[in-house]
Amino acid sequence: MALDAQSFEILMHSVQRFVRERLVPAEDLVEERDEVPADIVEDMKDLGLFGLSIPENYGGIGLSMAQECAVAHTLGQTALAFRSVVGTNIGIGSQGILMDGTEAQKETWLPLIASGELIVSFALTEPDAGSDAASLKTRAVSAGDDYLLSGSKRYITNAPRAGAFTLMARTGGEGAGGISAFIVPAGLPGLSLGQPDKKMGQRGTKTCDVYLDEVRVPAANLIGGKPGLGFKTAMKVLDRGRLHMSALACGMAQRILDESVAYAKQRRQFGQRIGDFQLVQAMLADSQAELLAGWSMVRAVADAYDQKAPGARDGEVSMQASCAKLFTTEMVGRVADRGVQVHGGAGYINEYKVERFYRDVRLLRLYEGTTQVQQMVVGRHLMREG
Ligand code: COS
């Protein structure tokens with residue numbers, strides 16, 4: 001699946017212009033109000049951003065992984081809250097349905113997700129099941145034509161905006177094989193939301209807990225129609241999500257580097273531009289080199305991802321996606337740290353963008369699998385296959 005080269009070029013120009021002319025000027029407003037303005041969300045729908053990764057026959061744009069990474073890289077060059085509005089529809093919320101759903105499930109849900117009419121969240125994490133996702137406790141008990149779901153989910157991105165959740169619950173015994181994935185509409189009786197989380201950064205993004213108290217979900221909403229496959233669905237979705245996240249990290253690293261170079265050209269000390277000092281140039285050069293390494297890696301892994309059969313598991317590609325997330329999210333942390341250093345005292349002041357980006361990028365090393373989880377995936381693969 002891929003958009004033809006000419007249409008993709010047009011799309012990229014539109015997204016680049018949208019970021020430059022609409023999103024960057026609204027960054028301060030989002031930071032102040034902790035909210036992405038509704039008119040910007042409407043413009044995102046018009047641009048087709050919610051349906052980037054959904055095939056055209058289900059109402060989306062049908063980008064390949066490499067193309068999606070190029071768009072994520074562009075969206076990464078502004079406050080990450082904007083990308084977060086569309087992020088779960090493009091990735092972790094929708095992809096389980098696309099990869100493993102029945103034809104009827106795809107036809108029902110994907111067009112709504114692609115248009116942005118429905119926001120869909122991904123609900124895997126629980127209070128006692130984070131990195132150890134296979135230990136999740138939310139139960140789904142079969143009751144005639146329905147399942148009754150009970151439990152709680154934690155830190156669920158876009159839950160306050162969501163119309164539905166791709167939600168993992170236990171239909172069988174312990175471990176990964178007892179987990180199933182469901183499409184759970186947000187309005188069902190027994191489903192409630194916690195207070196919005198107060199976070200270190202990424203103001204304008206919305207996360208909260210989701211509570212389920214005997215929520216009656218039709219068996220028709222069991223993804224793929226067969227129980228016990230939900231953990232594998234979640235892992236496949238995360239492989240893809242981790243690549244998207246890596247592209248986003250590179251986009252943000254580019255923005256921070258651009259901000260740092262602009263400041264180094266304008267700020268004068270000891271009678272000259274600080275960027276003319278080799279010690280400042282060294283910081284900029286290290287960031288540029290690491291960014292180039294990271295972005296080259298993301299592009300190579302995205303190409304490898306596109307080579308494999310859609311929805312299939314390829315252990316080598318999963319391992320490479322983890323390498324990309326591990327490297328790029330740590331890389332953007334170092335780039336942000338140097339960005340603050342190049343700005344000196346100004347880097348600690350809220351009116352300069354690097355102060356907030358420094359906080360914003362901290363999350364990238366945590367969600368969709370911590371750096372240590374990525375190390376586990378890579379390390380285990382090497383011990384198994386190496
Ligand atoms: N694609 C498809 N299937 C996969 C897979 C993948 N990428 N990774 C693992 N599986 C399969 C395995 O093949 C295994 O199936 P079999 O029993 O048939 O062999 C099953 O899933 C269980 O795999 P494994 O034993 O490796 O699971 P673990 O419990 O050891 O967990 C980690 C592995 C730690 C990698 C996983 O729990 C994880 O990624 N945790 C982090 C979760 C996360 O990212 N959370 C963020 C929340 S979303 S913002």
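For ligands, and for the atoms within them, numbers begin at 1 and follow the listed sequence.
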Output, in order, the C-alpha distance, side-chain angles, deciding distance and verdict of side-chain contact (heavy atoms from CB on, under 4.5 Å) for Leu149 and Glu214.
CA-CA 5 Å; Leu149 270 61; Glu214 305 227 312; over 6 Å; no
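Rounded to the nearest 0.5 angstrom, Tyr358 OH and Met252 CE are separated by 14.5 Å. Atoms NZ and CG, on Lys236 and Asp314 in that order, are 12.0 Å from each other to the nearest 0.5 Å. One finds the CE atom of Met12 at 8.5 Å from the NE2 atom of His73 (value rounded to the nearest 0.5 Å).
Shown in contact with Lys236 at under 4.0 Å from a heavy atom are these atoms of ligand 1, numbered in order with element: 1 (N), 2 (C). If you number the atoms of ligand 1 from 1 as listed, the ones under 4.0 Å from a heavy atom of Met376 come out as 34 (C). Interface of Ala133 with ligand 1, defined as ligand atoms under 4.0 Å from a residue heavy atom, comprises 37 (O). Residue Ser318 approaches ligand 1 through these ligand atoms, each under 4.0 Å from one of its heavy atoms: 7 (N). Of all the atoms in ligand 1, the ones that sit under 4.0 Å from a non-hydrogen atom of Phe122 are 48 (S). For ligand 1, the atoms lying closer than 4.0 Å to a non-hydrogen atom of Ala134 are 29 (O). Taking a cut-off of under 4.0 Å to the non-hydrogen atoms of Thr125, the atoms of ligand 1 that pass are 47 (C). Counting the atoms of ligand 1 from 1 in the order shown, those under 4.0 Å from a heavy atom of Ala176 are 22 (C).
At a heavy-atom cutoff of 4.0 Å, ligand 1 is contacted by the backbone of Ser131 but not by its side chain. Using a 4.0 Å cut-off between heavy atoms, Met168 makes no contact with ligand 1 at all. Contact annotation for Arg313 and ligand 1: only side-chain heavy atoms (C-beta onward) come within less than 4.0 Å of the ligand. Heavy atoms of Val377 found under 4.0 angstrom from ligand 1 belong exclusively to the side chain. The proximity of Leu238 to ligand 1, defined as any non-hydrogen pair under 4.0 Å, is limited to the side chain.
Protein heavy atom at the shortest distance from atom 46 (C) of ligand 1 is Gly369 N, 3.6 Å. Here the protein heavy atom with the shortest distance to atom 14 (C) of ligand 1 is Lys232 CE, 4.2 Å. Nearest non-hydrogen protein atom to atom 21 (O) of ligand 1 is Phe231 CD2, 3.5 Å. The single protein non-hydrogen atom nearest to atom 7 (N) of ligand 1 is Asp239 OD2, 2.9 Å, given as residue, atom name and distance.
Under 3.5 Å, the side chains of Ser94 and Asn89 contain no donor-acceptor pair of N or O atoms. Between the side chains of Asp209 and Tyr211, a donor-acceptor pair is found at a separation under 3.5 Å. With 3.5 Å as the limit, one finds a donor-acceptor pair spanning the side chains of Glu316 and His381. No hydrogens or angles considered: a donor-acceptor pair under 3.5 Å links the side chains of Asn350 and Glu355.
For atom 44 (O) of ligand 1, the candidate residues are Met319, Arg380, Met99, Arg242; the nearest heavy-atom contact is made by Arg242. Nearest-heavy-atom check against atom 49 (S) of ligand 1 across Glu368, Lys325, Arg384 picks out Glu368.
Atom 29 (O) of ligand 1 is approached by the protein to below 4.0 angstrom, counting heavy atoms only. In this structure, atom 32 (C) of ligand 1 has no protein heavy-atom contact shorter than 4.0 Å. Closer than 4.0 Å to atom 17 (O) of ligand 1 lies none of the heavy atoms of the protein.
Contact annotation: the side chain of His13 approaches that of Gln16 to within less than 4.5 Å [non-hydrogen atoms, C-beta and beyond]. Residues Arg268 and Ile274 form no side-chain contact, since every pair of their non-hydrogen atoms from C-beta on lies 4.5 Å or further apart. For the pair Phe18/Leu49, a side-chain contact is recorded, criterion being any heavy-atom separation below 4.5 Å from C-beta on.
Annotation: cation-pi pair Lys265/Tyr263 absent, no NZ/CZ under 6.0 Å from the ring centroid and within 45° of its normal.
A salt bridge links Glu27 with Arg255; the closest basic N to acidic carboxylate O contact falls under 4.0 Å.
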